[in-house]
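Structure first, commentary second.
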Amino acid sequence: QVQLVESGGDSVQPGGSLRLSCSHSTITADYFGVGWFRQAPGKEREGISCINSSDGATRYSDPVKGRFTISRDRFKNIVYLQMNGLQPEDTAHYYCAADLKLFRSNMCDLSSWLYDYWGQGTPVTVSS
């Protein structure tokens with residue numbers, strides 16, 4: 001069982017920045033991925049970024065590429081999502097999740113069905 005807890009959600013004005021944190025319990029799998037997802041009211045959950053535990057390789061969805069940055073602190077078991085240039089369309093509930101099925105040659109994926117464990121999420125609101 002893996003526990004994940006998100007924090008850092010807040011209300012900001014357009015153009016603002018936030019840093020979300022995903023604190024997870026120790027994962028003993030040799031290779032795993034941690035992803036960030038979001039779900040806006042009335043919309044499906046979408047994957048926005050993920051990071052490989054082994055080599056730190058990252059992936060981003062097109063809507064956030066160039067504005068959001070995912071990173072990890074391996075010693076503290078925390079994955080961060082730095083969000084810059086926030087816009088009203090970024091308003092959503094943000095979740096992190098862990099995929100424990102990666103192999104050494106795999107790259108993390110943004111498909112939510114691949115992920116085994118989820119946090120409860122943290123809300124982000126962008127409005128003027």
Side-chain angles (χ1 to χ4, degrees):
Q1 192 77 8
V2 176
Q3 286 80 44
L4 303 101
V5 179
E6 303 91 337
S7 62
D10 205 343
S11 296
V12 297
Q13 293 187 340
S17 297
L18 283 175
R19 188 176 79 162
L20 305 184
S21 298
C22 172
S23 179
H24 61 82
S25 55
T26 298
I27 299 174
T28 57
D30 290 336
Y31 306 102
F32 63 92
V34 175
W36 281 99
F37 299 80
R38 66 185 181 185
Q39 188 166 17
K43 295 189 176 181
E44 293 187 355
R45 186 172 296 186
E46 64 170 323
I48 57 175
S49 186
C50 64
I51 188 166
N52 281 10
S53 67
S54 56
D55 59 6
T58 60
R59 186 191 294 268
Y60 298 93
S61 66
D62 287 342
V64 308
K65 197 174 297 181
R67 299 188 298 127
F68 292 9
T69 303
I70 192 170
S71 62
R72 76 198 197 286
D73 185 324
R74 300 177 67 179
F75 300 102
K76 294 182 178 179
N77 288 340
I78 299 176
V79 174
Y80 301 101
L81 186 68
Q82 178 67 43
M83 307 188 295
N84 299 327
L86 285 162
Q87 299 300 319
E89 53 266 33
D90 295 314
T91 295
H93 212 77
Y94 283 70
Y95 301 87
C96 66
D99 174 7
L100 273 56
K101 299 181 296 298
L102 287 187
F103 296 97
R104 183 168 56 187
S105 60
N106 287 168
M107 178 64 209
C108 63
D109 196 278
L110 298 181
S111 300
S112 60
W113 63 271
L114 291 170
Y115 286 76
D116 307 287
Y117 298 97
W118 292 80
Q120 292 301 307
T122 185
V124 171
T125 302
V126 185
S127 70
S128 54

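Listed for the Ser23 side chain is no donor-acceptor partner under 3.5 Å among the backbone atoms of Val5. Judged purely by atom type and a 3.5 angstrom limit, Asn52 has no side-chain atom pairing as donor or acceptor with the backbone of Ser54. Under the 3.5 Å distance criterion, the side-chain polar atoms of Thr91 are matched with a main-chain donor or acceptor of Val126. Put simply, the side chain of Thr122 never gets that close to the backbone of Glu6: no donor and acceptor are under 3.5 Å apart. Judged by distance alone, with hydrogens and angles left aside, the side-chain atoms of Arg59 form a donor-acceptor pair with the main-chain N or O of Cys108 at under 3.5 Å.
When hydrophobic clusters are built by joining Ile, Leu, Val, Met, Phe, Trp and Tyr residues whose side-chain heavy atoms come closer than 4.5 Å, directly or via intermediates, Val12 is grouped together with Trp36. Residues Ile51 and Leu114 are members of separate hydrophobic clusters, defined by side-chain heavy-atom contacts under 4.5 angstrom among Ile, Leu, Val, Met, Phe, Trp and Tyr. Neither Leu102 nor Ile70 shares a network with the other; the hydrophobic side chains, linked directly or stepwise wherever heavy atoms of I, L, V, M, F, W or Y lie under 4.5 Å apart, form separate groups for each. Under a hydrophobic clustering in which Ile, Leu, Val, Met, Phe, Trp and Tyr are joined whenever their side-chain heavy atoms come within less than 4.5 Å, directly or via other members, Phe32 and Tyr117 fall into the same cluster. No chain of hydrophobic side-chain contacts below 4.5 Å, direct or via other Ile, Leu, Val, Met, Phe, Trp or Tyr residues, connects Leu86 to Tyr95.
For Thr26 and Asn77, the side-chain atoms include at least one donor-acceptor pair closer than 3.5 Å.
When every heavy atom of Pro14 is checked against every heavy atom of Ser128, the shortest pair comes out as CD-N, 3.7 Å. In terms of heavy atoms, Asp116 sits closest to Leu100 at OD2-N, 2.8 Å. Between His93 and Gln120, the shortest heavy-atom contact is NE2-O, 3.4 Å. Asp109 and Tyr115 get closest at one heavy-atom pair: O-OH, 2.5 Å. For the residue pair Tyr60 and Thr69, the shortest heavy atom distance occurs at OH-CA, 3.4 Å. Taking every heavy atom of both residues into account, Met83 and Tyr94 meet most closely at SD-CE2, 3.8 Å.
Ring centers of Trp118 and Phe37: under 6.0 Å apart, within the cut-off.
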**OP:** May I have the step-by-step check of side-chain contact (heavy atoms from CB on, under 4.5 Å) for Ile48 and Leu81, ending in yes or no?
**Re:** CA-CA 10 Å; Ile48 57 175; Leu81 186 68; 3.8 Å; yes
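To the nearest 0.5 angstrom, Ile78 atom CD1 is 8.0 Å from Ser7 atom OG. Thr58 contributes atom OG1, which lies 10.0 Å from atom CZ of Arg72 (distance to the nearest 0.5 angstrom). The structure places CG of Asn84 at 11.5 Å from CZ of Arg19, a figure rounded to the nearest 0.5 Å. In this structure, NE2 in His24 is found 8.5 Å from OG in Ser53, a value given to the nearest 0.5 Å.
Phe68 is listed as a side-chain neighbour of Asp90, based on a closest heavy-atom distance under 4.5 Å. Residues Lys101 and Asn106 form no side-chain contact, since every pair of their non-hydrogen atoms from C-beta on lies 4.5 Å or further apart. Counting heavy atoms from C-beta on, the side chains of Ser112 and Gln39 never come closer than 4.5 Å.
For Glu44, the CD atom sits in a loose shell: 12 or fewer heavy atoms of surrounding residues, nucleotides or ligands are nearer than 6.0 Å.
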